[in-house]
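Below: the structure, in C-alpha cells.
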2 protein chains.
Amino acid sequence: METVGQKIRAKRESMGLLLRQVASYLNIDQAILSKIERNERKTNKDIILKLAEVLEFDKEDLLVQFISEKIAYEIANEDCADKVLKAAEQKVKYLKSNLVKI
Amino acid sequence: METVGQKIRAKRESMGLLLRQVASYLNIDQAILSKIERNERKTNKDIILKLAEVLEFDKEDLLVQFISEKIAYEIANEDCADKVLKAAEQKVKYLKSNLVKI
DNA sequence: AATTTTCTTGACATAATTTGTCAAATATAA
DNA sequence: TTATATTTGACAAATTATGTCAAGAAAATT
C-alpha cells in the first residue's frame with residue numbers, strides 16, 4: 001500500500017520537478033520535503049493542500065489519504081483499532097447532526 | 001451523546017469520590033481532573049486507563065470511547081470525515097496484516 | 001573519472017502545544 | 001456563617017512540531 005509520501009515523490013518525479021522547486025512553492029526547505037516524501041517527517045493539512053495543487057492531485061483525495069494514514073498509524077497498534085473506527089463513525093455522525101456546536 | 005469526561009464525572013460522583021481523591025490516585029492535580037471531566041483539557045491513554053481502574057470501567061471500553069472521541073473531534077469539521085474513516089479502516093487492516101513493521 | 005547537480009542526513013534553533021502547579025475565586029454543603 | 005469541594009486563570013516546564021543550514025552521499029552529466 002502506497003503512502004502519501006510515496007505518491008508525492010512518484011508524481012513529482014514523473015512531472016520532472018526537483019525537490020527545490022516544489023519546496024520553494026511550498027515555502028519550506030527542500031530538506032523537509034525530502035523527509036516528508038520518505039515518511040521521516042510529519043506534515044500538515046496546509047502543506048498537503050499546496051502539494052495537491054502543484055502536483056495536480058485531487059485535493060480531497062489527497063487529504064483523505066493523508067488524514068486516514070495519520071489515524072491508521074496512531075491506532076494500528078491498538079487491539080481495539082476496529083472498534084475505535086466504528087465508534088468514531090457514530091460520533092462523527094452525531095457531531096455533524098447539528099445537535100452539537102464544536 | 002455522553003462524552004468520556006461526562007461518564008467519568010458521573011461515575012466518580014456516584015461512587016462518592018472527590019476530585020482530590022481520584023486525582024491523587026492518578027498523580028495529577030485535581031484542577032486537571034476537573035478540566036478533564038468538563039472537556040476543557042485533553043488527556044491521554046495512561047490517565048484513561050488509571051481512571052478505568054479506579055472508577056471500575058472496562059478498560060477497553062473506556063479506551064475505545066476515549067480514542068474514538070479524540071478522532072471524531074479531529075475530523076468532524078472535514079467534509080470528508082466519513083471517507084477518512086473508511087480509508088483508515090483499510091489502512092489499519094493492511095498495517096495489521098504483518099506485511100508492515102511500524 | 002571528474003564535475004555538476006540533486007538529494008539526504010543530522011545538528012541545531014524556534015515556535016507551538018501539552019502537561020503540570022498553584023492559589024485565589026466561586027460554588028456547594030453542613 | 002463556616003467548612004469543604006470545585007473551578008478558574010496565570011504561570012512554568014516538558015514535549016512535540018516546524019524550520020534552517022551546511023556538509024556528506026548519491027545520481028546525472030560532461
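What you see is a predicted model, and the numbers here were worked out from it, not measured in a lab. Proteins come first, then strands; the chains are lettered A, B, ... in the order of their sequence lines, and each starts at number 1.
Remark: N44(A) is in phosphate contact with dT18(D), judged by side-chain N or O atoms under 4.0 Å from OP1 or OP2. Checking the phosphate oxygens (OP1, OP2) of dT6(D), no side-chain nitrogen or oxygen of R38(B) falls inside 4.0 Å. Here S34(B) reaches the OP1 or OP2 of dT7(D): one of its side-chain N or O atoms lies under 4.0 Å away.
Set against dT19(C), dT6(D), dC7(C), the side chain of L18(A) has dC7(C) as its closest nucleotide. Closest to the side chain of I47(A), from the set dG20(C), dG19(D), dT19(C), is dG19(D).
For CG of D79(B), the number of neighbouring non-hydrogen atoms (other residues, nucleotides, ligands) closer than 6.0 Å is 12 at most. The local environment of NZ in K83(A) is sparse, with at most 12 non-hydrogen atoms from other residues, nucleotides or ligands closer than 6.0 Å.
Look at CG on L17(B): it is 18 Å from P on dT4(D), rounded to the nearest Å. dT19(C) atom C1' lies 14 Å from atom CG of L33(B), rounded to whole Å. When rounded to the nearest whole Å, the span between NZ of K42(B) and P of dT17(C) equals 9 Å. At whole-Å resolution of the value, CD in E40(A) and C1' in dT16(D) are 16 Å apart. One interatomic measurement links the two molecules: CD of Q21(A) to C1' of dT5(C), which rounds to 12 Å at whole-angstrom precision. The distance between atom CD of E37(A) and atom C1' of dT9(C), rounded to the nearest whole Å, is 15 Å. One interatomic measurement links the two molecules: CG of N39(B) to C1' of dT6(D), which rounds to 16 Å at whole-angstrom precision. One can place CG of L26(A) at 14 Å from C1' of dT18(D), the figure rounded to the nearest angstrom.
Between I71(A) and E89(B) there is no side-chain heavy-atom pair separated by less than 4.5 Å. Counting only heavy atoms from C-beta outward, the side chains of I36(B) and V4(B) never approach each other to under 4.5 Å.
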Dump the pairs, protein N or O against N or O of nucleotides 20-30 of chain D, anything under 3.5 Å, distances to one decimal.
none

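Relative to the six-membered ring of Y25(A), K50(A) misses at least one condition, a distance below 6.0 Å or an angle of at most 45° to the axis. Judged by the 6.0 Å and 45° rule, K45(B) forms no cation-pi pair with F66(B).
What you find for M1(A) and Y94(B) is that their closest heavy atoms are N-OH, 3.0 Å.
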